> 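Before anything else, here's the structure in question.
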Amino acid sequence: MLSLLYQEGPSTEGIFRRSGSAKTCKELKEKLDSGAEVDLACESIFVTASLFKDFLRNIPGSILSSQLCDKWVSVMDQGNNEEKIKSIQRLIEQLPRANVVLLRYIFGVLHGIEMRSEENQMNAFNLAICIAPSLLWPPVSSAPDIESEFTKKISSLVQFLTENCCRIFGEEITSLFGEI
């Protein structure tokens with residue numbers, strides 16, 4: 001999935017913003033869940049992006065860990081960019097290894113898409129608006145106005161992560177997928 005998004009996402013206008021067919025997404029999700037062979041390359045890239053966001057939303061406790069939610073939210077309130085990066089790196093060290101590996105690939109994809117934002121209209125801000133709610137959510141639901149403020153803060157964090165992913169995860173993030 002990520003490889004396909006890495007390949008096609010940068011040249012696809014509105015990737016992660018436009019939804020795939022709900023019916024196709026449901027059918028493919030059922031096939032994937034049952035272990036059936038699925039060739040995502042034969043599907044719309046928007047279906048793949050929708051399935052991927054659904055996968056992220058179904059990670060128990062979120063990929064960034066709802067237990068660390070308050071710490072993630074407070075990162076953007078810190079001083080300069082260096083302090084923010086160091087805080088983010090400390091939080092990443094507290095995540096399970098599988099989460100960190102997946103995050104590196106996710107931000108490798110987002111970075112690749114952002115680098116061609118003039119073509120695909122998906123700069124770091126737009127990507128963050130679309131993907132942030134799938135990466136972290138509060139451990140308990142709250143009032144709509146509080147959730148709206150939370151979403152803004154997490155979107156700001158994801159935008160910062162996308163814009164600074166090479167400094168946070170290392171320069172090799174740009175070559176995780178090799179020469180596809």
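Since this is a predicted model, take the numbers as computed values, not measurements.
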> Output all residues satisfying ring-ring contact (aromatic ring centres under 6.0 Å, His included) with F46, sequence neighbours left out; order by chain, then residue number.
none
> Measure from the side-chain N and O atoms of N120 to the backbone N and O of S11, and report whether any donor-acceptor pair falls under 3.5 Å.
no
> Decide salt bridge (charged side-chain N to carboxylate O under 4.0 Å, His left out) for E172 and R104; before the verdict, give the C-alpha distance in whole Å, the side-chain angles of both, and the deciding distance to 0.1 Å.
CA-CA 10 Å; E172 64 276 7; R104 289 175 53 101; 3.4 Å; yes
> Is there a path of hydrophobic side-chain contacts, each under 4.5 Å between heavy atoms of I, L, V, M, F, W or Y residues, that connects L110 with M115?
no
> Taking the side chain as every heavy atom from C-beta outward, state whether R57 and S62 have any atom pair closer than 4.5 Å.
no
> Let me see the working for L5 and T12 under side chain to side chain contact (heavy atoms under 4.5 Å, CB included), right down to the final yes or no.
CA-CA 9 Å; L5 289 167; T12 304; over 6 Å; no
> Using the benzene-type ring in the case of Trp, are the ring centres of Y105 and Y6 under 6.0 Å apart?
no
> Would you say the side chain of K84 lies within less than 4.5 Å of the side chain of M76, judging by non-hydrogen atoms?
yes
> Taking F55 as the starting point, is it possible to reach W137 by hopping between hydrophobic residues whose side chains are less than 4.5 Å apart?
no
> For the side chain of R17 and the backbone of Q121, is there at least one donor-acceptor N/O pair under 3.5 Å apart?
yes
> Quick one: closest heavy-atom pair of I15 and A49, and the distance?
CD1-CB, 3.9 Å
> Measure the CG-CD distance between N123 and Q159 for me, rounded to the nearest 0.5 Å.
7.0 Å
> Considering residues, nucleotides and ligands other than D70, do more than 12 of their heavy atoms fall under 6.0 Å from its CG?
no
> Contact between I88 and L157 at the side-chain level, heavy atoms closer than 4.5 Å - yes or no?
yes
> Please indicate whether Q67 has more than 12 foreign heavy atoms, meaning atoms of other residues, nucleotides or ligands, lying under 6.0 Å from its CD.
no
> A side-chain contact here means heavy atoms from C-beta on lying under 4.5 Å apart; do Q94 and K71 qualify?
yes
> Between SG of C166 and CZ of F107, what distance do you get to the nearest 0.5 Å?
12.0 Å
> Looking at every heavy atom in both A132 and V158, which two are closest together, and how far apart are they?
CB-CG2, 3.7 Å
> Given side chains that start at C-beta, do those of N58 and D54 come closer than 4.5 Å, heavy atoms only?
yes
> Measure the CZ-CG distance between F169 and L103 for me, rounded to the nearest 0.5 Å.
5.0 Å
> Using every non-hydrogen atom in the two residues, find where S155 and A128 come nearest and quote the distance to one decimal.
O-CB, 3.1 Å
> Less than 4.0 angstrom from a charged side-chain N to a carboxylate O is my criterion; do E30 and K26 meet it?
yes
> Counting C-beta onward and ignoring hydrogens, is there a side-chain heavy-atom pair between L176 and I173 closer than 4.5 Å?
yes
> Using a 3.5 Å distance criterion without hydrogens, assess whether the side chain of K31 forms a donor-acceptor pair with backbone atoms of E37.
no
> Is there a donor in the side chain of E114 and an acceptor in the side chain of T162, or the other way round, less than 3.5 Å apart?
no
> Please check if the number of heavy atoms outside F125 that lie under 6.0 Å from its CZ is greater than 12.
no
> Atom CZ of residue position R116 - does it have more than 12 heavy atoms of other residues, nucleotides or ligands inside 6.0 Å?
yes
> Main chain of G20, side chain of S50: is a donor-acceptor contact present, judged purely on distance under 3.5 Å?
yes
> Can you give me the closest heavy-atom contact between C130 and M122, atom names plus distance?
SG-CE, 3.8 Å
> Could you check whether Q89 and E93, counting side-chain N and O atoms only, form a donor-acceptor pair closer than 3.5 Å?
no
> Would you compute the distance between atom CG of L102 and atom CG of L56 and round it to the nearest 0.5 angstrom?
6.5 Å
> Quick one: are H111 and L161 in side-chain contact, heavy atoms under 4.5 Å?
no
> Check the pair I154 / L135 against side chain to side chain contact (heavy atoms under 4.5 Å, CB included), numbers first and verdict last.
CA-CA 9 Å; I154 295 306; L135 297 180; 5.7 Å; no
> Hey, does V109 have a side-chain heavy atom less than 4.5 Å from the side chain of F52?
no
> At their closest point, which heavy atom of V75 faces which heavy atom of S87, and how far apart are they?
CG2-CB, 4.3 Å
> Out of curiosity, E8 CD to T48 OG1, how far, rounded to the nearest 0.5 Å?
7.5 Å
> Taking N164 for its side chain and F160 for its backbone only, find out whether a donor-acceptor pair lies under 3.5 Å.
yes
> Evaluate L28 against C25 for side chain to side chain contact (heavy atoms under 4.5 Å, CB included), listing each step before the verdict.
CA-CA 5 Å; L28 278 173; C25 287; 6.0 Å; no
> Any idea which heavy atoms bring P138 and C69 closest together, and the distance?
CA-SG, 3.8 Å
> If two hydrophobic side chains count as joined below 4.5 Å and joins carry through other members, does I129 share a cluster with I63?
no
> Output yes when a side-chain donor or acceptor of S156 lies under 3.5 Å from a complementary backbone atom of K152, and no otherwise.
no
> Kindly compute the distance separating CD1 (I131) from OG (S134), expressed to the nearest 0.5 Å.
5.5 Å
> Kindly indicate, with the supporting measurements, whether the criterion side chain to side chain contact (heavy atoms under 4.5 Å, CB included) is fulfilled by I168 and K86.
CA-CA 8 Å; I168 293 166; K86 290 203 182 322; over 6 Å; no
